[in-house]
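Reading through the structure tokens given below for one structure.
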Amino acid sequence: MNDSADRRILKEEVDDFGNQLETWRLRMETALAARLPRSDVVPARLHEAMRYSVLGGGKRIRPALVFATARAVGLSEDDVEAAACAIELVHVYSLVHDDLPAMDNDDLRRGRPTCHKAYDEATALLVGDALQPLAFQLLASDPKLPASPAIRLRLIDMLAQASGTLGMAGGQAIDLAVQGRRLDITQVEDMHARKTGAVIRASVLMAAECAPPLDPSLYGALSRFANAVGLAFQIQDDLLDVTGNASMLGKATGADSERAKPTHPAVIGIPASQQRVRLLHNQAIHSLAPFGERAEALRSLAHWLLSRQY
Ligand code: IPE
Ligand code: IPE
Ligand code: MG
Ligand code: MG
Ligand code: MG
């Protein structure tokens, strides 16, 4: 098949998958709304700010990874919905704190004022403080998660590791510490793997953890897939900061160079960064081979991510 036919088929697949993503996004809106505290319950302003930050925006890519992995391992969306909510809550908490003046100091998120702009800084701190334990509470006791106590404990451990000092929080600390510094590309990738890759990896592996134990080769396949997709995701985020459209992204562009962040485009340039994303995409797709047809949703999601503009 020639290149343009290849691209057309890929585009058709990506467009089709857009409908699936939209269905999962709507499902998450309801699932999250039901699990967040009501905004008429004291402390009402904090609850309102939590709902403002979590609901009504975001691509919900991590939940989509949870649902697509569930399909690959023979589970339903219902089986993993609470885990998807827990991961999204941690993700939103990381965004609310990431936007604070003490961190990236951003005013726009998901097309709306950031939490500290719509409310105030103390409230934004508390939103993060409150979303994080809510996430772990869901893993411990959400009735929809059919997982045994042993599985629940493993899920808690996985999300804690992914968001702790060896994962997101540690990666964010490095991100702030290296502003204005020169890093080599290996150091940049290590930072990305922690600050963004770890939670994306957890989205895939936590869904797998909800299923009966997988054959180690299948687990290894998912693990390689998740690593590649997680790293590619932050490289694309950094590329979109340079090449993207702010109104489509719903957040400012040019923010990384303004803060002298050592990103992929800053360190190796735009074409080499795009090439790296394509290579990681190929690795991700290749990793899924042992799953055959069962990984169709994961494959489509990877294709969708490759061509994302927001
Ligand atoms: C943005 O994540 C922050 C990163 C980890 C790169 P997303 O691009 O998934 O943001 P939302 O959830 O769609 O707003
Ligand atoms: C944030 O990376 C990663 C997180 C863990 C939140 P960025 O700082 O590049 O994310 P954006 O561009 O503000 O969404
Ligand atoms: Mg940041
Ligand atoms: Mg930021
Ligand atoms: Mg960014």
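Note that ligands are numbered from 1 as they come in the structure, with each ligand's atoms numbered from 1 the same way.
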With a 4.0 Å heavy-atom cut-off (strictly under), which part of Asp237 contacts ligand 2: side chain, backbone, both or neither?
side chain

Would a hydrophobic clustering, with Ile, Leu, Val, Met, Phe, Trp and Tyr connected at side-chain separations under 4.5 Å, put Leu231 with Leu306?
yes

Mark up the atoms of ligand 1 that fall under 4.0 Å of a heavy atom belonging to Phe233, in ascending order.
2 (O), 6 (C), 7 (P), 8 (O), 9 (O)

Any salt bridge between Glu296 and Arg71, counting N to O under 4.0 Å?
no

So which protein heavy atom does atom 1 (C) of ligand 2 come closest to, and at what separation?
Asp98 OD1, 3.7 Å

So for ligand 1, is His91 a polar contact partner (N or O within less than 3.5 Å, distance only)?
yes

Heavy atom of the protein closest to atom 8 (O) of ligand 2 (residue, atom name, distance)
Asp104 OD2, 2.7 Å

May I ask you to decide if Val41's main-chain N or O and His47's side chain share a donor-acceptor pair within less than 3.5 Å?
yes

Can you hop from Tyr119 to Leu134 via hydrophobic side chains spaced under 4.5 Å?
no

Which residue supplies the protein heavy atom nearest to atom 11 (P) of ligand 2, what is that atom called, and how far is it?
Lys251 NZ, 3.3 Å

To check your reading of the model: name the closest protein heavy atom to atom 5 (C) of ligand 2, its residue, and the distance in Å.
Lys195 O, 3.2 Å

I need the minimum non-hydrogen distance between Ala82 and Leu138, along with the two atoms involved.
O-CD1, 4.1 Å

Heavy-atom proximity to atom 12 (O) of ligand 1, picking from Lys59, Gln236, Arg60, Arg110, points to Arg110

What's the shortest distance from atom 9 (O) of ligand 1 to any protein heavy atom, and which residue and atom give it?
Arg62 NH1, 2.7 Å

Within the side chain of Arg308, is there an N or O that forms a donor-acceptor pair under 3.5 Å with the backbone of Phe233?
yes

May I ask you to say whether Arg45 pairs ionically with Glu48, meaning some side-chain N is under 4.0 Å from a carboxylate O?
no

Among non-hydrogen protein atoms, atom 4 (C) of ligand 2 lies closest to Gln172 NE2, 3.6 Å

For the Mg ion (ligand 5), every protein N/O/S atom that sits closer than 2.8 Å, waters excluded:
Asp237 OD2

If you count the atoms of ligand 1 from 1 in the order shown, which ones are under 4.0 Å from a heavy atom of Leu95?
1 (C), 3 (C)

Examine Val92 and Tyr310 and state if one hydrophobic cluster contains both, with Ile, Leu, Val, Met, Phe, Trp and Tyr joined whenever side-chain heavy atoms are less than 4.5 Å apart.
yes

I need the Ile270 CD1 to Ile268 CD1 distance, nearest 0.5 Å.
11.0 Å

Ligand-residue contact atoms, ligand 2 with Gln234, heavy atoms, under 4.0 Å:
2 (O), 9 (O)

Hey, could you give me the NZ/CG distance between Lys261 and Leu183, rounded to the nearest 0.5 Å?
11.5 Å

Which ligand 1 atoms does Thr196 reach within 4.0 Å, using its non-hydrogen atoms?
5 (C)

Pick from Lys117, Arg259, Lys251: which one makes a salt bridge (charged side-chain N to carboxylate O under 4.0 Å, His left out) with Asp106?
Arg259

Within one Ile-Leu-Val-Met-Phe-Trp-Tyr cluster: Leu153 and Leu145, side-chain cutoff 4.5 Å:
no

Sub-4.0 Å atoms of ligand 2 with respect to non-hydrogen atoms of Met168:
5 (C)

Applying a strict 4.0 Å limit to heavy atoms, is Lys261 in contact with ligand 2?
no

Interatomic distance, Asp78 atom CG to Lys144 atom NZ [nearest 0.5 angstrom]
4.0 Å

Look at atom 6 (C) of ligand 2 and say which protein heavy atom is nearest, naming residue and atom and giving the distance to 0.1 Å.
Ser94 OG, 3.4 Å

Angle between ring planes, Trp24 versus Phe67, binned at 30° and 60°: parallel, tilted or perpendicular?
tilted

